[in-house]
Amino acid sequence: MIHFPAQRRGPLSALSLRLAAALGLVLAVVTAVYLDRDGYRDVNEDGLTLLDCFYYAVVSLSTTGYGDITPATPSARLINVLFVTPARVLFLIILVGTTLEVLTEQYRTGRRLTRWRRSVKDHVIICGYGTKGRSAVSALLENGLDKSRIVVVERSPASLRQATSAGLVAIEGSATRSSVLNEAHVRNAKAVIIATDSDDASVLVALTVRQLTAGQVRIIAAAREAENAPLLKQSGAHHVIVSSATAGRLLGLSTSAPPLIDVVEDLLTPGQGMALAMRSAERDEVGRSPRELEALVIALVRRGKVVTLSDRAGAVIETGDMLVYVRDDRPQPAGTPG
């Protein structure tokens, strides 16, 4: 099942408001009839009880009445002309409006689904919307990827609600199933990020994605244990991030070189000061040394491979190179050009 980003007010909220309005209208009519109950004639001629007033209000608002309770005095008839009859019309409008609301919402959802299926392409699929998945989405958005090009695949209802509340399209189901990945249009995807809670599930997802895409879609997977990284690569993952090894290295650095931890946190935390970024080399930069540029370039990406500046190949920028550099990520003051 495909879940679209949450809207400001859903159909259940609209139906609740209409139900509350209808109930309020019934109570108002009951009050008016009960206060003037002596002006009504009952076929039993035993007077109107509160239950009779509720019965008369509901029957009068939903139909034209059965005639067993009728206004007998001029004041009761005046109340029916000036209040009960307009209330009946308003009650019917609420009922019809509620039906139209449901039908319209179903039509909009169908149109939205059809339009999304036609336009989804070159998107990034996030398998798992836990801590790692949410962090991956944040990084993608920080690098300028539009929310409409991110699709979340998740089984947990709570995580699905979080994804749609964040403005993302979410597909309910397990990413290990081909049918679910086909719903996410995995063959048209730009990349698949596997951020599941277990390495076993990550391996199954990688195998499924590779089978469906014939290895044409880039797969980036997270592994808890380093010993599972080779297995993930054999399963089709192009890049594997070992979370336990990364966390352990950072813990070691925090003891031997504490300032480095601050630098790493600054690079990984948005809006703190420094951030890693990548861009294409401009024409006037080709043939120059990366160290001569105004930006702090730390590496080159050439034909899909990372070239460090210490390598002889990284001494000069070539056509088609991507520059990996450190940019200023601090929030710009209002009125300051970016």
Keeping [X] on the side-chain end and [Y] on the backbone end, is there a donor-acceptor pair under 3.5 Å?
X      : Y      : result
Glu154 : Ser159 : no
Arg210 : Gln234 : yes
Thr208 : Ser178 : no

Can you tell me how far [atom2] of [Y] sits from [atom1] of [X], rounded to the nearest 0.5 angstrom?
X      : Y      : atom1 : atom2 : answer
Arg327 : Leu296 : CZ    : CG    : 13.5 Å
Thr49  : Arg37  : OG1   : CZ    : 10.0 Å
His238 : Arg218 : NE2   : CZ    : 5.5 Å
Glu318 : Arg302 : CD    : CZ    : 3.5 Å

Does any donor atom in the side chain of [X] or [Y] lie under 3.5 Å from an acceptor atom in the other side chain?
X      : Y      : answer
Asp311 : Thr308 : yes
Asp146 : Ser148 : yes
Ser202 : Asp199 : no
Arg187 : Asn182 : yes

In terms of heavy-atom contacts, does CZ of Arg155 have more than 12 from other residues, nucleotides or ligands at under 6.0 Å?
->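 Result for CZ/Arg155: open.
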
Evaluate whether atom CG of Asp36 has more than 12 neighbouring non-hydrogen atoms of other residues, nucleotides or ligands under 6.0 angstrom away.
->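 It does: Asp36 CG has more than 12 such atoms within range.
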
Among the clusters formed by ILVMFWY side chains lying less than 4.5 Å apart, do [X] and [Y] turn up in the same one?
X      : Y      : result
Val59  : Leu25  : yes
Tyr55  : Leu50  : yes
Leu212 : Ile171 : yes
Val217 : Val153 : yes
Val306 : Leu323 : no

Do [X] and [Y] have side chains that approach each other closer than 4.5 Å (heavy atoms only, starting at C-beta)?
X      : Y      : result
Val30  : Val26  : yes
Val324 : Val301 : yes
Val120 : Asn188 : no
Phe54  : Leu27  : yes
Leu168 : Tyr129 : yes
Thr213 : Leu181 : no
Tyr34  : Leu48  : no
Leu293 : Ile317 : yes

Please determine which of Val137, Ile125, Ile219, Leu140 meets the side chain to side chain contact (heavy atoms under 4.5 Å, CB included) test together with Ile193.
-> Leu140

Checking side chain to side chain contact (heavy atoms under 4.5 Å, CB included) for the pair Leu141/Ile150: CA distance, chi angles, key distance, verdict?
-> CA-CA 9 Å; Leu141 296 177; Ile150 299 176; 3.8 Å; yes

Nearest heavy-atom contact between Leu231 and Ser235 is O-OG, 2.7 Å

Ion pair present between Asp122 and Lys190, side-chain N to carboxylate O less than 4.0 angstrom?
->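 Answer for the salt bridge query: no.
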
Which residues share a salt bridge (charged side-chain N to carboxylate O under 4.0 Å, His left out) with Arg288, sequence neighbours left out |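 For Arg288 the salt bridge (charged side-chain N to carboxylate O under 4.0 Å, His left out) partners, ignoring immediate neighbours, are Glu292.
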
Which residues pass the salt bridge (charged side-chain N to carboxylate O under 4.0 Å, His left out) test with Glu285, sequence neighbours left out?
->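 Only Arg279 meet the salt bridge (charged side-chain N to carboxylate O under 4.0 Å, His left out) criterion with Glu285.
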
